[in-house]
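Everything below concerns the one structure shown next.
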Amino acid sequence: MSDNTKKSSLAFAGVKLSILILASRILGLVREMTKAAFLGTSAYADAFGIAFLIPNLFRRLFAENSISVAFIPTFRSYIEEGEESHAKTQEFVASCFTLVSFLTAVFVAVGMIFTPFIVKFFFNKDSAEILLETSILTRIMFPYLFVISIAAFFQGILNGMNIFSPSGFTPVLFNLMVITATYLLSPRMANPARAMSVGVISGGCIQALFQLPFVLKTGWKVYPVSIAKAFTNPGTKKVMTLIGPTIIGMAAYQLNDVVSTALAGKAGTGIVSSLQYSLRLQELILGIFAVSIGTVILPDLSGLAKNEKWQEFSDMLCQAIKIIMLITVPVTFFSLAAGREIISLVYKNNRFTEESVRLTLEAFKFHIAGLVFIALNRIIAPAFYAQGNTKKPTLAGIYGFIVNILLALLLTKPMKGGGIALALTLASLANTVFLFVFLNRTKTGNVMQIIKSSLLYLLKLAVFSVIAVIPVHFILPKSNAAFSGQGRIISYGIPLSLCACIFGITGILLLVLTRDSIAVSIMKKIKNRRR
C-alpha cells in the first residue's frame with residue numbers, strides 16, 4: 001500500500017468513525033439542552049454538574065485512559081505473537097477483567113461513604129441545603145464508575161481487534177437513557193436533577209451490556225479469576241507499570257477540572273453550569289474528530305513502532321495533526337464570530353435566560369479559542385503510548401496542570417467563568433508545546449519537520465478562516481435583525497445556517513483553489529468509495 005493510500009485511508013477511517021460518533025455527540029448536546037430546559041443555570045444545575053463530575057473524573061482517570069494507554073498496546077502485543085499465545089492472551093484478558101471489577105468496586109464503596117466530605121470542597125460554608133442535595137446526587141451516580149469501567153474494558157478489547165463501531169455507538173444509548181429518564185421521572189421525583197442522575201447510572205449499565213455480545217463474538221471470554229492471579233499475571237503487571245506514571249499525569253489533568261469547578265462553585269450561582277454548557281459545545285467537535293482520529297491511529301502507530309518503521313510513523317502522525325487542524329481552526333473562527341447565536345439556539349428557554357446566555361458566552365469564547373490545542377493533545381499523546389512511553393505525556397500533563405491552576409487562581413476573581421476558561425486554554429497550549437518538545441526526544445521520525453509543516457498549515461488555515469469569516473461579520477447582524485422575534489429556531493437558526501453556508505463555501509473554495517493536500521486526499525477517497 002502506498003503512502004498516499006495509507007494517508008487517505010487514515011483520513012477516511014477517521015471520517016467513518018466520526019460519522020458514527022456524530023450521533024452520540026449530537027445527543028450529548030441534546031442531553032445538555034434537556035438539562036438547560038429543566039435546570040437552567042440554577043443551584044440544582046450546579047449540584048448535578050458537581051455530582052456527575054466526581055465519578056466522571058475517576059472514569060477518565062482509571063478507565064478510559066488506562067485502557068488506551070496500557071491495555072490496548074499490551075493486548076496487541078499478545079495478539080501479534082500468534083495463535084500459540086492464545087491461552088496466555090485469554091488469561092491476560094480474564095485477569096484484567098477481574099482487576100478492573102475489583103478495584104472499581106472497592107473505590108466506589110469508599111467514595112460513597114465519604115461523599116459528604118468530598119462535596120464540601122466545591123461549595124461555600126453557607127450552602128448547606130445544596131450540599132445535602134449534591135451528596136444525594138453523587139451517591140446515586142457513584143456506581144456509574146463501576147459499570148463504565150467495565151464498558152471501557154470491553155471497548156479496549158474491541159478496539160484492540162480494530163473493531164470500533166459498537167463502542168462508538170454506546171454513548172448514543174447513554175444519552176438517550178439520560179434524556180428519557182429526565183422527561184419520564186422528573187414529575188415523580190423530588191427534582192429533575194435526581195431524575196437525570198438515575199438516567200446516568202442506567203445509561204452506564206446499558207453501555208456495558210451492549211458491548212458484551214460483540215466482545216464474545218471476537219472469541220475472547222470475560223470471567224473472574226482469583227485476585228492473587230489477577231495481580232500476578234505478567235500482562236496485568238505490565239499494564240499496571242504503564243498505568244502508574246500515566247495516572248499521575250492524568251490526575252494532574254483531572255485535578256484541573258476539580259480545582260476549576262471548586263473555584264467556579266465559590267464564584268457564584270450558575271458559574272459551574274455555564275462552564276459545563278460551554279464545554280459541551282466544545283466537546284461536540286472534539287468528540288467527533290479528535291477522539292475518533294486518535295482511536296483509529298493508536299493501533300496502527302503501535303504496529304509501526306513495534307516494527308521500527310519510523311518514517312511511516314512520522315507521516316501518519318503528521319497527517320492526523322493536519323486533519324485535526326483542518327477541522328478545528330475554521331470551527332474556532334466561526335464560533336468566535338457567532339458564539340452568542342450558537343448558545344441561544346442550543347440552550348435558550350424560559351429557565352435558560354439571557355443572563356444564562358451571557359454567563360455561558362463568557363466561558364465559551366475562551367474555551368473555543370483552545371479547541372485546536374486540546375484536539376492536538378489528543379492526537380500527539382498516542383504517538384507516545386504507541387512507543388510504550390507514558391512518562392513524557394505524564395510530565396507534560398503535570399506542567400499543564402501547574403499552568404492551569406496558577407492562571408485559574410489569578411483570573412477567577414476578576415473574570416469569573418471567563419477566567420477559568422481562559423486558564424484552561426492557555427494550559428492546553430502549554431501542554432501542546434511540552435508534548436512537541438518531548439516528542440523530539442523520542443524515536444519518532446523527523447519531529448522538527450512535523451512541527452514546521454504543522455505550523456505552516458496552521459497559519460494557512462488561520463488566514464483562510466479570517467477571509468471566510470469576514471462576510472459572516474457583516475451578514476450575521478443584519479440577518480439577526482431580519483428574523484428577530486420569530487421564535488428560537490427561526491431567530492437564531494436561519495441566520496446561523498446562512499452564515500455557516502457562506503463561511504463553509506468560502507473556505508472550501510479556498511482549499512480547492514490552493515489544491516490543499518488533505519482536502520484532496522479525502523475527496524479522492526470519497527470518490528473511490530462511490531465507485
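Numbering of residues begins at 1 and proceeds along the displayed sequence.
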Atom pair CG/CZ of Asn349 and Phe352 - distance to nearest 0.5 Å: 8.0 Å
By ring-ring contact (aromatic ring centres under 6.0 Å, His included) - contacts of Phe436 (at least two apart): none
Which donor-acceptor pairs under 3.5 Å do side chains of residues 415-423 form with protein atoms, sequence neighbours excluded?
unit_1: Lys416; atom_1: NZ; unit_2: Ala267; atom_2: O; d: 3.4

Salt bridge (charged side-chain N to carboxylate O under 4.0 Å, His left out) against Arg488, all qualifying residues, sequence neighbours excluded: none
Note, Leu511 side chain near Phe464 side chain (heavy atom, < 4.5 Å): yes
Audit row: Thr41, Glu355, side-chain contact (heavy atoms from CB on, under 4.5 Å) steps and yes/no: CA-CA 9 Å; Thr41 50; Glu355 174 63 12; over 6 Å; no
Heavy-atom closest contact (Ala408 atom, Leu263 atom, distance): CB-CD1, 3.8 Å
Validation row: Ile343, Lys348 side chains within 4.5 angstrom (heavy atoms): no
Exercise: do Gln311 and Asp315 side chains pair donor with acceptor under 3.5 Å: yes
Student check: side-chain heavy atoms of Tyr399 and Val403 closer than 4.5 Å: no
Pairwise side-chain hydrogen bond (donor to acceptor under 3.5 Å, both in side chains) hits with a residue in residues 330-340, at least two apart: Arg340-Glu354
Thr412 side chain vs Leu409 backbone, donor-acceptor pair below 3.5 Å: no
Qualifying residues under side-chain hydrogen bond (donor to acceptor under 3.5 Å, both in side chains), relative to Asp516, sequence neighbours excluded: Tyr457, Lys460
With Phe174 via ring-ring contact (aromatic ring centres under 6.0 Å, His included) - residues at least two apart: Tyr144
For Gln207, side-chain hydrogen bond (donor to acceptor under 3.5 Å, both in side chains) partners two or more places apart: none
Exam field: side chain Arg76 to backbone Gly160, donor-acceptor pair closer than 3.5 Å: yes
Within-4.5 Å side-chain heavy-atom neighbours: Leu376 and Met325: yes
Heavy-atom closest contact (Ala396 atom, Phe438 atom, distance): N-CE1, 3.7 Å
Tyr347 and Val357, any side-chain heavy atoms less than 4.5 Å apart: no
Interatomic spacing from CD1 in Ile368 to CG in Leu279 - rounded to 0.5 Å: 10.0 Å
Sequence neighbours excluded, every pair satisfying side-chain hydrogen bond (donor to acceptor under 3.5 Å, both in side chains) that has a member inside residues 495-513: none
No-hydrogen, no-angle side-chain donor-acceptor test under 3.5 Å, Lys322 and Ser453: yes
Minimal non-hydrogen separation, Val372 against Val329, with atom names: CG2-CG2, 4.2 Å
Nearest-0.5 Å distance, CG of residue Leu407 to CD1 of residue Ile402: 11.5 Å
Euclidean distance, Thr328 OG1 relative to Leu371 CG, rounded to 0.5 Å: 5.0 Å
Pairs meeting criterion ring pair (Phe, Tyr, Trp, His ring centres under 6.0 Å) with involvement of residues 406-433, two or more places apart: none
Contacts of type side-chain hydrogen bond (donor to acceptor under 3.5 Å, both in side chains), residue Ser278, not counting sequence neighbours: His367
Stepwise side-chain contact (heavy atoms from CB on, under 4.5 Å) test for Lys391 and Phe384: CA-CA 9 Å; Lys391 292 181 180 179; Phe384 291 93; over 6 Å; no
Close side-chain approach of Arg280 and Val346, heavy atoms under 4.5 Å: no
Intermediate values then yes/no, side-chain contact (heavy atoms from CB on, under 4.5 Å), Thr170 and Ile206: CA-CA 8 Å; Thr170 54; Ile206 287 178; over 6 Å; no
Which atom of Phe153 lies closest to which atom of Val100, heavy atoms considered: CD1-CG2, 4.5 Å
Value rounded to 0.5 Å, distance of CG in Leu510 from CD1 in Ile505: 12.0 Å
Least distance between heavy atoms, Asn159 atom then Ser167 atom: OD1-OG, 4.2 Å
Side chain to side chain, Ile26 and Asn175, heavy atoms closer than 4.5 Å: no
CD1 on Ile72 to OG on Ser77, rounded to 0.5 Å: 12.0 Å
Ile470 vs His473 side-chain heavy atoms within contact, under 4.5 Å: no
Parallel, tilted or perpendicular: rings of Phe214 and Phe210 (30°, 60°): tilted
Shortest non-hydrogen contact between Thr425 and Phe373, atoms and distance: O-CD1, 4.4 Å
Inter- and intrachain pairs under salt bridge (Lys or Arg N to Asp or Glu O under 4.0 Å), touching residues 492-509, at least two apart: none
Those residues that, when tested against Thr432, pass side-chain hydrogen bond (donor to acceptor under 3.5 Å, both in side chains) (two or more places apart): Asn377
side-chain contact (heavy atoms from CB on, under 4.5 Å) evaluation trace for Gln282 with Ile374: CA-CA 10 Å; Gln282 183 194 66; Ile374 298 173; 3.6 Å; yes
